[in-house]
Every structure is written in structure tokens, then in C-alpha cells.
Amino acid sequence: MAKVSVIEREKRRARVVAKYAARRAELKAIVADRGASDDERWDAQLQLQKLPKNASPVRLQRRCGVTGRPRAVYRKFGLGRNKLRDAAMRGDVPGLVKASW
């Protein structure tokens, strides 16, 4: 089980990303716009750099919904590999069966 503080940090990052998503998209559109003047694009880059680091969606880490484990998390299920295996063995995940050949 991951520390509660780490899980809360990820939740806080997700809130910050959502808060600044529209502003980041607006600034990134200006930076990518070839029709804008160089000064406008430069100012947009500077404003983009002034946003908080945690406003970038790249800094989010996908975590297991049960344990908070940061690695080996399946997107489709939102569970880490260990908990997904346990859920599959219990039959909690419809259509998922253990491979055998």
C-alpha cells in the first residue's frame, strides 16, 4: 500500500492539471500558431513557463485504485497487476480468465 501522502499528492496534481488545462491549451495554441507574431509567441512561451510545474499533465502518475502502486497499472481496469490477478481469480472482472495452454 502506498503512503497516503503520496496518493494525496497525486490527487492534488490532478486538480492543478484540471485547473490550468484551458489556460495551457490556449497558450500552447498561440506558441504553435505560425501566423502569430514572434513577440506574441515569445510572450506566450514565457507565460507558459510561469505556470506551476504540476499544471503539466505529464507529471501525473497512474496509480492502482486499491493499493496506490505506481507501476504495472492497467489502464483498462485501473488496477495494479497483483490486484487485477486477485480480482480475476475471484471472478470480479467479467470476461477475464487466467491463460492456460
Side-chain angles (χ1 to χ4, degrees):
M1 183 82 183
K3 290 171 52 174
V4 176
S5 61
V6 175
I7 295 171
E8 290 300 318
R9 182 189 325 152
E10 288 298 324
K11 290 178 184 176
R12 194 168 45 249
R13 279 185 183 155
R15 286 194 302 267
V16 172
V17 167
K19 179 180 176 181
Y20 288 100
R23 181 71 178 143
R24 280 183 61 84
E26 178 184 311
L27 290 172
K28 286 178 91 58
I30 293 171
V31 171
D33 182 20
R34 292 290 179 185
S37 70
D38 289 339
D39 290 336
E40 289 176 352
R41 291 172 61 199
W42 180 253
D43 290 338
Q45 279 183 338
L46 291 178
Q47 289 176 7
L48 193 61
Q49 289 175 3
K50 287 182 182 178
L51 292 179
K53 269 187 186 179
N54 287 334
S56 175
V58 174
R59 290 179 60 92
L60 289 176
Q61 174 75 43
R62 186 178 304 105
R63 290 186 173 272
C64 175
V66 177
T67 62
R69 178 184 167 86
R71 297 182 183 188
V73 177
Y74 288 83
R75 292 180 190 198
K76 186 173 182 178
F77 306 104
L79 295 173
R81 62 181 175 83
N82 301 332
K83 293 301 170 182
L84 180 62
R85 185 171 189 271
D86 292 343
M89 291 297 179
R90 286 192 312 265
D92 293 342
V93 183
L96 187 66
V97 292
K98 183 179 175 186
S100 61
W101 60 89

Legend entry - Ala87 versus Leu79, closest heavy-atom pair with distance: CB-CD1, 4.5 Å

Legend entry - ILVMFWY cluster, Tyr74 and Val93 together (side-chain gap under 4.5 Å): yes

Inset, instruction - Quick one: closest heavy-atom pair of Ile30 and Glu40, and the distance? - result: CG2-O, 3.9 Å

Legend entry - Nearest-0.5 Å distance, CG of residue Asp86 to CG of residue Asp92: 9.5 Å

Inset, instruction - Report yes if some heavy atom in the side chain of Arg81 is under 4.5 Å from a heavy atom in the side chain of Arg69; otherwise report no. - result: yes

Legend entry - Any side-chain heavy-atom pair of Leu27 and Leu51 under 4.5 Å: yes

Inset, instruction - Mind listing the closest non-hydrogen atom pair of Arg41 and Arg34 along with its distance? - result: NH2-NH1, 3.3 Å

Legend entry - Shortest non-hydrogen separation from Ala2 to Gly68 and the atoms involved: CB-O, 3.4 Å

Legend entry - Exercise: identify the closest heavy-atom pair between Gln45 and Val31: CG-CG2, 3.7 Å

Inset, instruction - Could you tell me whether the side chain of Asn54 reaches within less than 4.5 Å of the side chain of Val17, counting heavy atoms only? - result: no

Inset, instruction - Answer yes or no: is there a side-chain heavy-atom contact under 4.5 Å between Arg24 and Pro57? - result: yes

Inset, instruction - Provide the closest heavy-atom pair for Ala88 versus Leu96 in the form atom of the first, atom of the second, distance. - result: CB-CD2, 3.7 Å

Legend entry - Single-linkage hydrophobic cluster, 4.5 Å side-chain cutoff, Val66 and Val73 together: no

Inset, instruction - Applying side-chain contact (heavy atoms from CB on, under 4.5 Å), run through Val6 and Arg63 and close with a yes or a no. - result: CA-CA 10 Å; Val6 175; Arg63 290 186 173 272; 2.9 Å; yes

Legend entry - Rounded distance [0.5 Å steps], CZ in Arg12 versus CD in Glu10: 9.5 Å

Inset, instruction - Check whether more than 12 heavy atoms from other residues, nucleotides or ligands sit under 6.0 Å from atom CZ of Arg85, and answer yes or no. - result: no

Legend entry - Distance-only side-chain donor-acceptor flag, Gln61 / Arg13, under 3.5 Å: no

